[in-house]
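Below: one structure, written as structure tokens.
Start at 1 and go down the list; that is how both ligands and their atoms are numbered.
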Amino acid sequence: MGSGCGGVGSGTAPTVAARAMDALLDAGYECYVVGGAARAILLGTRADDWDVATSAPPSEVRRVIEWMGMKPIDKGEAHGTVGASDGGVTVEFTTFRAEGEYSDARHPDSVTFIGDIEGDLSRRDFTVNAIAMKWPGLEVTDPFRGVEDLRRGIIRAVGDAASRFAEDALRMIRAVRFESEHGWRIEPRTRSAISRNAQRVRGISAERVRDEVSRVLVGPHAGRALADMVRLGLMDAVVPELSESGGVGAGRLSGRTLMEHAIMTADAVAPSLVLRLAALLHDVAKPRCLGVDDRGRVHFHGHDALGAEMVGEILERLRYPKVVRDRVRVLVKEHMFFYSPEATDAALRRLVGRVGEEGVFDLLELRRADVVASGGDAAPFLRQVEHRVRDILDRGQAVRGSGLAVNGEDVMEVLDIGPGPRVGQVLQRLLDMVLDDPGLNQRDKLRSIIAGMKPGGGDSRPGSS
Ligand code: ATP
Ligand code: MG
């Protein structure tokens with residue numbers, strides 16, 4: 001292991017990074033490849049995003065990027081970070097951070113930045129992230145023996161773990177994020193500092209937590225990392241609602257808790273953010289819905305509906321965008337969908353209508369993982385549902401109002417009425433009819449059905465079902 005490892009050299013740098021670093025060098029500044037890119041060079045893998053530490057102040061970095069004909073991206077210039085993006089590659093330049101940041105924080109551009117690479121590295125989170133490679137020769141600076149930890153896959157705080165986490169609690173979630181993405185292990189002292197400080201995570205901004213937690217969820221080692229989040233107390237700080245699942249048995253799933261079941265399900269679904277969130281949270285309401293029937297059997301009636309509500313709140317608190325919240329919520333709401341081979345096409349069309357054409361395949365994937373995590377094998381029935389749903393979609397059958405051959409304009413024109421709730425009621429009634437009989441979904445047929453809904457017409461009970 002070393003800068004020559006795997007034959008990689010400065011030639012592996014994306015053009016935008018290499019050109020900017022060369023230009024800064026010409027102007028008399030130093031540049032070091034750090035972060036994920038330095039790790040990738042050492043491991044002989046690829047990094048799409050590059051982090052560079054430089055002695056150049058942000059104003060100089062901005063000037064160089066503009067000179068290259070590109071638009072600098074403000075990544076928090078007040079903190080010394082300026083970025084550039086080209087062809088899917090992002091490079092972030094951060095001016096050496098010295099103790100106390102700038103000598104004059106109000107005029108970050110006008111000061112001469114003090115500090116050097118060693119000082120900069122000592123402010124970074126983990127030893128594997130505190131390795132620098134000097135541009136262009138890629139000589140390694142490694143004051144905290146990060147290369148050795150990288151080789152062994154060990155996540156170790158730089159300096160005193162507890163005080164580093166007190167400075168910035170997000171680092172604790174970053175530790176599990178690296179565990180999830182790379183399969184590394186957190187060493188014992190760092191672990192115990194996390195255990196003692198986990199609740200500090202509640203104090204940091206939801207957006208920062210969300211971004212790191214999302215990466216934990218979609219990582220290839222998510223199952224192990226999520227279990228670690230629970231053990232270290234981080235899960236309780238981020239999603240306290242899930243903690244209730246730690247003490248409740250998952251019913252017939254011998255000896256497993258609901259929490260263990262949730263994590264196994266998340267680990268078993270495909271690594272998309274929406275699916276992983278839905279899988280982790282699908283049974284979140286079970287502890288609150290726990291009941292016992294007259295024969296002494298445990299049940300969780302209504303946990304899907306309540307779960308969907310809770311998930312909406314949890315994801316809103318974590319500032320996930322509305323599209324993500326809506327998709328996860330509907331998956332949780334519908335995760336108990338019932339299917340038997342006798343189910344009609346109309347029932348399947350209604351299911352697709354509720355979860356959406358994209359959502360229905362996520363729903364099948366979620367159910368597959370849910371059953372697998374319960375020790376079962378759901379494949380045969382799910383394959384059948386998938387086959388039938390694809391068939392329905394291939395035939396272009398309407399599953400939602402937007403697929404109707406008529407719209408509100410038709411309704412208003414035929415019934416000679418203005419806009420109002422009645423228009424929506426009529427459309428809903430038409431959709432119900434079309435879901436039962438897709439052959440009705442033709443403009444002239446639907447318009448004559450609408451005509452029959454006029455007062456005194458053949459059907460005057462729109463929305464009466
Ligand atoms: P990836 O390749 O996945 O982006 P990364 O290590 O580059 O991993 P970034 O979030 O891009 O992670 O951060 C770049 C570098 O900045 C890190 O390697 C680390 O040295 C430093 N860093 C980032 N966030 C923190 C933090 N909260 N505290 C201390 N250092 C940090
Ligand atoms: Mg990075």
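For R177, the closest heavy-atom approach to ligand 1 falls below 4.0 Å. A heavy-atom separation below 4.0 Å is found between F178 and ligand 1. For the ligand labelled ligand 1, residue D168 lies inside the 4.0 Å heavy-atom shell. Ligand 1 is approached by R174 to a heavy-atom distance shorter than 4.0 Å. Residue-ligand proximity: R215 is placed with a non-hydrogen atom under 4.0 Å from ligand 1.
Between L170 and ligand 1, no pair of N/O atoms sits closer than 3.5 Å. When only interatomic distances are considered, the shortest N/O to N/O separation between N129 and ligand 1 falls below 3.5 Å.
Under 4.0 angstrom from ligand 1, the non-hydrogen atoms of D51 all belong to its side chain.
When the Mg ion (ligand 2) is compared with the N/O/S atoms of D51, atom OD2 turns out nearest.
Side-chain atoms of V238 and V209, non-hydrogen and from C-beta on, do get closer than 4.5 Å to each other. With a 4.5 Å cut-off on side-chain heavy atoms, V34 and R124 count as touching. Within the 4.5 Å cutoff, side-chain heavy atoms of V16 are placed close to those of M68. By the 4.5 Å heavy-atom criterion applied to side chains, E181 and R177 are counted as neighbours.
For atom 6 (O) of ligand 1, the closest non-hydrogen atom of the protein is R39 NH1, 2.6 Å. Ranking the protein heavy atoms by distance from atom 2 (O) of ligand 1 puts G36 CA, 3.3 Å first. Ranking the protein heavy atoms by distance from atom 21 (C) of ligand 1 puts R124 NH1, 3.4 Å first. The protein atom (non-hydrogen) at minimum distance from atom 28 (N) of ligand 1 is R171 NE, 2.7 Å. Scanning all protein heavy atoms for the shortest distance to atom 19 (C) of ligand 1 gives D125 OD1, 3.5 Å.
For ligand 1, the atoms closer than 4.0 angstrom to any heavy atom of E181 are 3 (O).
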side-chain contact (heavy atoms from CB on, under 4.5 Å) between V239 and L281, intermediate numbers included: CA-CA 10 Å; V239 190; L281 298 171; 4.2 Å; yes
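Under a cutoff of 6.0 Å and an axis angle of 45°, R367 and F337 form a cation-pi pair. Figure legend: cation-pi geometry between R164 and F126 absent, as NZ or CZ is not positioned both under 6.0 Å from the six-membered ring centre and within 45° of its axis.
In this structure, a donor-acceptor pair under 3.5 Å is absent between the side chains of R191 and S195. Remark: the D304 side chain and the H282 side chain contain no N/O donor-acceptor pair separated by less than 3.5 Å.
Checking side-chain atoms of R400 against main-chain N and O of E357 turns up no donor-acceptor pair under 3.5 Å.
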